[in-house]
Engineer: 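One structure, pasted below without further comment.
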Amino acid sequence: MTIENWLGIVGGIAMFLFGIKIMGNGIERLAGAKLKSILEKLTKNRVLGLLVGALITGVIQSSNAVSVMTVGFVNAGLMPLNNAVGVIMGANIGTTITGQLIAFNVDAYAPIIAFVGVIGMTFLKKRPWSDALYALTGLGLLFMGMMLMKEHMLYLKEEEWFVRLITSLENPLLAVLVGTVMTMLLQSVSASVGVLQAMAAAGALGAHPLGIAVYLICGQNIGCTLVSVVASIGGTKDAKRTACIHVLFNVFACLICMLILWLLPMLGVDVLGFIERISGSINGNPNYAQQLANANTFLKIGATIIMFPLSSLLIKLSKLIIRGTDKLDGRRLIHIVGGKDFGSSVTAVASVEKETERMYGIAQENLKKVYAALTAPRKGDLDGIEENEETLDYLNSEISKYLVEINRNGLGEADARAVDRMHHVIVDYERIGDHANNIAGYIEHMRSRKLTFSEAAMDEIAPLFLKVLTIVQDAHTCMDNPKAMPLSSIAEREQEVDDLVDLYENNHIKRLSEGKCSAEIGMLYVEALTDLERISDHALNIAEAGQA
C-alpha cells in the first residue's frame, strides 16, 4: 500500500459521506414541511409508523436523520413515545436501501449522474428543480466515492497486518465491537456498510467475506444509535426513552442474529450460503457487495418481524432504564435541546413552533391572572406573574438566537416562511407579557395605596379586558389555522378595542372634570387602557403572521 492508495481510500470515504449528506439534504429540502405533516398524520399507530419510517428513510437515505428526527418530534411533543417505536424500527429497514443501491454496478454512470446534477444546479436555480438536482449530485458523488474506495482497497488484501486483522474478526464478538466503533466514527450506518461493501468488492475481506461481514454489520447497526443518544441529551424523558429504544432494538437485533447463525447450522440450515446463492454475480464473479446488502436487509427485516410484536415490552424496558418525569424549568428551553436542530430542519422548525406555543400559553396565563386580580381580587393572585414575564423574555432571546442559527443551514420555502413568521410572533408574545406585567404593577400600586377604580370605570375596563383576552386566544388560533378563525374577525374586534379605548378615555376625562375620580387613579386607568389596546395590536400582528 502506498500513500497514494491510502489517500484514495480516505478521499473515497470523504466523497461517499459527502454524497450521502447532500443527497439527504436535497431530498429533505424537496420534501420540506411535508415530512412534518407525514410524521404527524401518518404515525397514529405503530404499524403506520413502521411503514412511514421505512419510506422516509428509504427516500432521504439516512436512518440517522429519521431516528434523530423522531427523537426531536417526541421531544417537541408532536409524537407520543408509543408511536415512535414503529418509526425507529422502520428507519432501520429503510436504511438498507442505500446498500442495495450501492450493490448495483453503476460505476460507469456515476460521473455522468454527478455531472448532470452539477450542471443542472448551475443553470436551474428555481425550486424544486434546484433541490432535486442537488440530491442527484449527491447520488453521483456517493457512487464515485464508492468507485474510488474499491479501486484503492484492492491493495489492502496484500497487506499482512490487514490479513491478520481480518482473521481476528472471525471472533463474532470482536467483529461486532469493530463494527460498532466503525459506525460511531463515520456517524452513518449507510456509510459504514458502504465502506464494508467496497472492501468486500475489492477482495479485502477474503474469498467468503459474508461470514465476517454479517457480524460487522450487526455492530454497525448498534453504532448508529450513538447519534440519537447524543441528540436526546438535555431533552425530555420521553426523548431519552426514544433513543433508548433505538439502542435496545439494535442490540437485541444483534443478539437474535448471532443466535440464529449459531443454531440454524446445527439444524442443517445454511443461512449464509442461501444469501450467497441469491446474490448473483458480476462477470462470473460473486457479487460481494450484493451479498452484504442482502444480509443487512434480511437482518433488519427479520429483527423487526420478531421484535415489532414486543414493542410494548421495549417501551416498558426504556421506562425502567429512564425513570421519572420531567421537571419544568422556566429558564430552560424544553423542546429545543442544547441549541441543536437534531440534524433536520423539519425537527428544528417543529421544535421552535412548540416553544412558541409555550410562549403563548405563558402570556395567556399572565393575562388571565391579571384579569382575575382586577375583577375578583384575592391574596396571592399576582404571584408568579413576574417570574412568567422573565421566562417570556428568556424564551424570546433564546428562540431568536436559534432561529438565526437554523436559518443558516438552508431551508425549504415553507420552512423559511415559518421561521420568518416565528421571528415576529415571539416578539409579539413577549410584548403581550410586558403589557400584562404593567397592568399587574398598576394593580399592586393601587393596593399599596388603597386605591380602587370607580364603579363606572370597572364597568368599562372589565368587559374590555375580557374582549382582549378572547382576541389573543383567537389570534393564536388564526395563526395556526386561518380557516378556523378568519383574520377579518380579529381585525374587526381589534378596531372595536381601539374605538372603545378612545371612548373610555373620553369618559374618564369627563369623570375627572366632575370630580368623580382622582388624578392618580385616573392616570393608572388610562395606562391600563393603553396596555390593553397595545395587547390587541400585538394579537392582530400574530393573526396576520398566519397569512404570510
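What you see below is based on every heavy atom in this structure, not just the backbone, and it leaves out hydrogens, waters and symmetry mates.
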Engineer: Any ion pair linking D238 and R241 (charged N to carboxylate O, less than 4.0 Å)?
Structural biologist: yes
Engineer: Can you measure from CD1 (I315) to CG (L81) and round to the nearest 0.5 angstrom?
Structural biologist: 5.0 Å
Engineer: What closest approach, in Å, do V74 and A239 show between heavy atoms, and which atom pair accounts for it?
Structural biologist: CG1-N, 3.7 Å
Engineer: Taking C-beta and beyond as the side chain, do M485 and D480 meet within less than 4.5 Å on heavy atoms?
Structural biologist: no
Engineer: Is there a side-chain contact between N221 and F249 in this structure, where contact means two heavy atoms from C-beta onward sitting under 4.5 Å apart?
Structural biologist: no
Engineer: Has Q495 got more than 12 heavy atoms of other residues, nucleotides or ligands less than 6.0 Å from its CD?
Structural biologist: yes
Engineer: Using every non-hydrogen atom in the two residues, find where A418 and E353 come nearest and quote the distance to one decimal.
Structural biologist: CB-OE2, 4.3 Å
Engineer: Just verifying a value: how many Å separate I399 CD1 and M359 CE, rounded to the nearest 0.5 Å?
Structural biologist: 5.5 Å
Engineer: For a quick check under 3.5 Å, do H246 and T225 share a side-chain donor-acceptor pair by atom type?
Structural biologist: no
Engineer: So among D474, T470, D498, which one has a side chain to side chain donor-acceptor pair (under 3.5 Å) with R493?
Structural biologist: D474
Engineer: Would you sort out whether Q364 and H476 count as a side chain to side chain donor-acceptor pair (under 3.5 Å), showing the intermediate values?
Structural biologist: CA-CA 10 Å; Q364 190 74 334; H476 184 77; over 6 Å; no
Engineer: Got a sec: does the CZ of F308 have more than 12 other heavy atoms crowding it under 6.0 Å?
Structural biologist: yes
Engineer: Could you tell me which non-hydrogen atom of G117 sits nearest to which non-hydrogen atom of T137, and how far apart they are?
Structural biologist: C-OG1, 3.0 Å
Engineer: Looking at R421 and E544, is any side-chain nitrogen of the basic one under 4.0 Å from a carboxylate oxygen of the acidic one?
Structural biologist: no
Engineer: Ignoring hydrogens, what is the shortest heavy-atom contact between A491 and L540? Give both atom names and the distance.
Structural biologist: CA-CD1, 3.8 Å
Engineer: Find out whether L374 and I439 are in side-chain contact, i.e. whether some heavy atom of one side chain is under 4.5 Å from a heavy atom of the other.
Structural biologist: no
Engineer: Which value, rounded to the nearest 0.5 Å, describes the distance between E494 atom CD and E496 atom CD?
Structural biologist: 10.0 Å
Engineer: How long is the straight-line distance from NE2 of H435 back to CD of E533, given to the nearest 0.5 Å?
Structural biologist: 10.0 Å
Engineer: Please determine, by modelled atom types, if E460 and N507 share a side-chain donor-acceptor pair under 3.5 angstrom.
Structural biologist: yes
Engineer: D381: what forms a salt bridge (Lys or Arg N to Asp or Glu O under 4.0 Å) with it, not counting sequence neighbours?
Structural biologist: R447
Engineer: Flag yes if more than 12 heavy atoms outside K369 fall under 6.0 Å of its NZ atom; otherwise flag no.
Structural biologist: yes
Engineer: Run the side chain to side chain contact (heavy atoms under 4.5 Å, CB included) check on I521 and T452 step by step: do they pass?
Structural biologist: CA-CA 7 Å; I521 193 69; T452 58; 5.9 Å; no
Engineer: Taking the side chain as every heavy atom from C-beta outward, state whether S232 and T242 have any pair of such atoms under 4.5 Å apart.
Structural biologist: no
Engineer: Atom CG of L464 and atom CG of L469: how far apart are they, to the nearest 0.5 Å?
Structural biologist: 10.5 Å
Engineer: Are the side chains of V472 and Y360 in touch, meaning some heavy atoms are under 4.5 Å apart?
Structural biologist: yes
Engineer: Can you confirm whether R431 sits close enough to R534 that some side-chain heavy atom of one is under 4.5 Å from a side-chain heavy atom of the other?
Structural biologist: no
Engineer: Using atom types as modelled and distance alone, determine if a side-chain donor or acceptor of S400 lies under 3.5 Å from a backbone N or O of N396.
Structural biologist: yes
Engineer: Quick check: do V85 and L50 have side-chain heavy atoms less than 4.5 Å from each other?
Structural biologist: no
Engineer: Search all heavy atoms of E430 against all heavy atoms of L392 and return the closest pair with its distance.
Structural biologist: CG-O, 3.9 Å
Engineer: Tell me which pairs pass ring-ring contact (aromatic ring centres under 6.0 Å, His included) where either residue lies in residues 441-464, with sequence neighbours left out.
Structural biologist: F453-Y525
Engineer: Does the distance from a Lys or Arg side-chain N to an Asp or Glu carboxylate O, for K368 and E365, drop under 4.0 Å?
Structural biologist: no
Engineer: Locate the shortest heavy-atom distance separating G384 from N366; write the atom from each residue and the value.
Structural biologist: O-OD1, 4.3 Å
Engineer: Decide whether Y429 and H538 meet the rule of one side-chain donor and one side-chain acceptor closer than 3.5 Å.
Structural biologist: no
Engineer: I want to check something: taking the side chain as every heavy atom from C-beta on, are N250 and N92 in contact at a cut-off of under 4.5 Å?
Structural biologist: yes
